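Data first, discussion second: the structure below is written as structure tokens.
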Amino acid sequence: MSPRLVPAGSDPVGRRDRPLTITVDGEPLAGVAGQSLAGVLLAAGRTSWRRSPSGAPRGVFCGIGVCFDCVVTVNGERDVRACRRRALDGDAVTTQSRAAGGDAGSSTSSGTGTGTGTDFGDAR
Amino acid sequence: MTRRHVVVVGAGPAGLAAADAALAAGAEVTLIDTAERPGGQYHRMLPDAFDAASPEALHHGYRAFETRSRRVLGHPRCSWWAESSVWALEQPDPGSVTPPLVHVLTGDPGGGPGARLRRVLAPDALVLAVGAHDRVLPFPGWQLPGVFTAGAAQALAKGERLVIGDRVVVAGTGPFLLPVTAALLAAGSQVVEVLEAARTGGVLRGWLRRPWELPAQAGKSGELLEYAATLRRHRVPYRPGRAVVEARGDERVEEIVSAEVRADWSVVPGSERTTAVDAVCVGHGFTPQLELPVAAGCALRPGPGGSPAEAFVDVDDDQATSRPEVYAAGEITGVAGAPAARAEGALAGWIAAGGDPEARALTALRRSRDQGRAFAARLAAAHPIGRAWPGWLRPDTVICRCEETDYAAVRRTARDPAGTEPRVAKLATRAGLGPCQARVCGPTVAELRAAAGGRPAGCRPGDPVPPGPHHRPVAEPIRLGELARPPEPPSPPGTPRQSSDPSVEESTS
């Protein structure tokens, strides 16, 4: 089994869910307003959506914006932490990879390969 | 006389209390937090969009929190800056007695180019209440999807009503494992077992010694007992003296290997056992978020264990740091739970606002803070990180998740005389150079290097505690385009501000 959203009907907090749809690499995923992008992805059964430099899968680890394992591209904006960004109806999410030849990101001069590395500064 | 302007960074229990007290003392307050709503991780709120009828179902002390939160955010002298990150603190002048300039980015971090505004604040006093994040010791396979920090499991369950799996093992050390387990159970997960690496004797001695002292922390002890009862009711085995030493799976975690560990967390050979899971959540205590205190120049002090990996902000009896007009409260000064954080915040906010340091109410606040700290010290003593934990690492175990630096590489450079400088080691191994900038692996690398013989500077008694991995001049990622944009003009000091979302304020100006 996988991560899942507590069904609204049995949730003691008494949610009133409003549906939304995002696309992830072009594939539509259903979510509810208020979920983070990570929440939508997890609830849809996706536990990973990013590749590390060696090509290993990564998803959510810290859940509060510290680890950067969950970063995605949202509506063309790279390196957005999926756990910190609320999903908005119609968001176009594309996955990222730091593995060689991974995503569409251009290669950079920092030696961290394609993807997230350089935007965060280097060798401080 | 112009009003003092107090900037409070962080709106968790400590920051909210600081803002409340600073307002009560007559100051103008700007309260900054990265989240949309106040509460921090402790009172992590459901999103407004969920339109929840009973949000209090998930919280301890919801009513008091809600009352304070309304009072602060609705106060005419308070500006509430939600979804705002302090990305740098800038010292105005060497030797200056004014606090640093506060560089803030406000707005949706994924809202596209131009969505975030740059702002600079020049406060009369600064209260740092930025909190901590989970510390997780590495083990083979900890980078697999499905391995979550304990905080992630709680944040998702409390903040989004999402449970991380159906068959979950909760593991690590410390009382925080209990509320996390309770949150998972309440959301319908099966928690297969809770593994507490500390052995029974130590845990019981720590928690129950001198029980007559407990009433002072009745709230916290009551919470712990309540969680213990929840575990019993759901028949969740609580196994002291056991640790997760490996996670396995193809593309995601499918099983974990746990083992009995001795008091020093060395593995008892032959005690390994495999358990099928679809998620595991792990926490080995907390790492204070020290980049802003370090950037402000605040002196640090060693943590309770004295390990080079553990440091907290040094504060005096009034929560003042070593820097003039910079105060610290909450978990950056020591992990002591919400009641202590609230007391620290209230003290810090009052004093920062220029309130009378002899005010009678402060006596009770200081007492409450000291009791909270004593309770926390006792819990910390019951849950130390055993020094032999690296025994469960293998040469190819990932230490730095971002750069995938393995244990062998960390050890090799620690032994190499040319690589003993932390900075050289960082460049040689790349550990800490990735996107998270050592927030996850920093304390672990420091500890492993110390253990492998690369003695970190300044760990002799009395020496200043080095900032270690927390020296990050850019505290939050900022895009070059955002940096290039000139900051919004500052409001003149003393100008009454509206308590509103700054992005809304901006769109109407």
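Order of the sequence lines sets the chain letters (A, B, ...), proteins ahead of strands, with each chain counted from 1. In this text, all values refer to a predicted model and were calculated from it rather than measured experimentally.
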Task: Shortest non-hydrogen contact from A:Arg50 toward B:Pro435 - done: NH2-CG, 4.4 Å
- [ ] Could you tell me which portion of B:Cys281 (side chain, backbone, both or neither) has an atom closer than 4.5 angstrom to a non-hydrogen atom of chain A?
- [x] neither
Task: B:Glu56, part contacting chain A, at a heavy-atom distance under 4.5 Å - done: neither
TODO: Please determine if B:Glu160 and A:Arg84 form a salt bridge, counting it only when a charged side-chain N lies under 4.0 Å from a carboxylate O.
DONE: no
- [ ] Identify which part of A:Ser10 has an atom lying under 4.5 Å from any heavy atom of chain B, answering side chain, backbone, both or neither.
- [x] neither
Task: Which portion of A:Asp69 sits near chain B, non-hydrogen atoms under 4.5 angstrom - done: side chain
Open item on the list: Counting only non-hydrogen atoms closer than 4.5 Å, does B:Thr287 touch chain A with its backbone (N, CA, C, O), its side chain (CB onward), both, or neither?
Closed with: neither
- [ ] Could you check B:Arg161 against A:Gln35 for side chain to side chain contact (heavy atoms under 4.5 Å, CB included), going step by step and ending with a plain yes or no?
- [x] CA-CA 9 Å; B:Arg161 305 306 288 144; A:Gln35 281 183 298; over 6 Å; no
- [ ] Inspect the surroundings of CZ in A:Arg16 and state if more than 12 heavy atoms from other residues, nucleotides or ligands are less than 6.0 Å away.
- [x] yes
TODO: Go through B:Val147, B:Leu156, B:Asp134 and name the one with the most non-hydrogen pairs under 4.5 angstrom from chain A.
DONE: B:Val147
Task: Close side-chain approach of B:Phe50 to A:Val32, heavy-atom, < 4.5 Å - done: yes
Open item on the list: I'd like to know which of B:Val168, B:Leu58, B:Val163 tops the heavy-atom pair count under 4.5 Å against chain A.
Closed with: B:Val163
Task: Contact origin within B:Ala187 toward chain A - heavy atom pairs under 4.5 Å - done: both
Open item on the list: Please classify the contact between A:Arg18 and chain B as side chain, backbone, both or neither, with a heavy-atom cut-off of under 4.5 Å.
Closed with: side chain
TODO: Nearest 0.5 Å please: distance from the OG atom of B:Ser54 over to the CZ atom of A:Arg15.
DONE: 12.5 Å
TODO: Over all heavy atoms of both residues, which pair between A:Ser2 and B:Asp166 is shortest? Give the atoms and the distance, please.
DONE: O-OD2, 4.2 Å
- [ ] Starting at CD of B:Gln41, measure out to CD1 of A:Ile64 and round the result to the nearest 0.5 Å.
- [x] 4.5 Å
Open item on the list: Please give me the minimum heavy-atom distance between B:Pro145 and A:Thr47, naming the atom from each residue.
Closed with: CB-O, 3.5 Å
TODO: Sort out for me which of B:Ala57, B:Ala52, B:Pro55, B:Ala35 touches chain A most, counting heavy-atom pairs under 4.5 Å.
DONE: B:Ala52
Open item on the list: Below 4.5 Å, heavy-atom pairs only: which of A:Ala38, A:Gly39, A:Ala33 has the largest tally toward chain B?
Closed with: A:Ala33
Open item on the list: Among A:Val6, A:Leu42, A:Val60, exactly one meets side-chain contact (heavy atoms from CB on, under 4.5 Å) together with B:Leu162. Which residue is that?
Closed with: A:Leu42
- [ ] Using non-hydrogen atoms and a 4.5 Å limit, figure out which bit of B:Arg44 sits close to chain A: side chain, backbone, both or neither.
- [x] side chain
TODO: Find out whether B:Arg401 and A:Cys62 are in side-chain contact, i.e. whether some heavy atom of one side chain is under 4.5 Å from a heavy atom of the other.
DONE: no
Open item on the list: Need one label for B:Val136: side chain, backbone, both or neither, based on atoms under 4.5 Å from any heavy atom in chain A.
Closed with: side chain
Task: Heavy-atom pairs under 4.5 Å with chain B, option from A:Gly63, A:Ser48, A:Pro57 with the top count - done: A:Pro57
Task: A:Arg98 and B:Glu403 ion-paired at < 4.0 Å - done: yes
Task: Per-residue contact mode, B:Gln154 against chain A (heavy atom under 4.5 angstrom) - done: neither
Task: Presence of salt bridge, B:Glu404 and A:Arg51, under 4.0 angstrom - done: no
Task: Derivation and outcome, side chain to side chain contact (heavy atoms under 4.5 Å, CB included), residues A:Phe61 and B:Thr149 - done: CA-CA 6 Å; A:Phe61 177 61; B:Thr149 67; 3.6 Å; yes
Open item on the list: Can you tell me which portion of B:Asp51 sits under 4.5 Å from chain A's heavy atoms? Options are side chain, backbone, both or neither.
Closed with: both
TODO: With a 4.5 Å cut-off on heavy-atom pairs, point out which of A:Cys83, A:Gly59, A:Gly76, A:Cys67 contacts chain B the most.
DONE: A:Cys67
Task: Engaged part of B:Leu144 at the chain A interface, taking heavy atoms whose separation is under 4.5 Å - done: neither
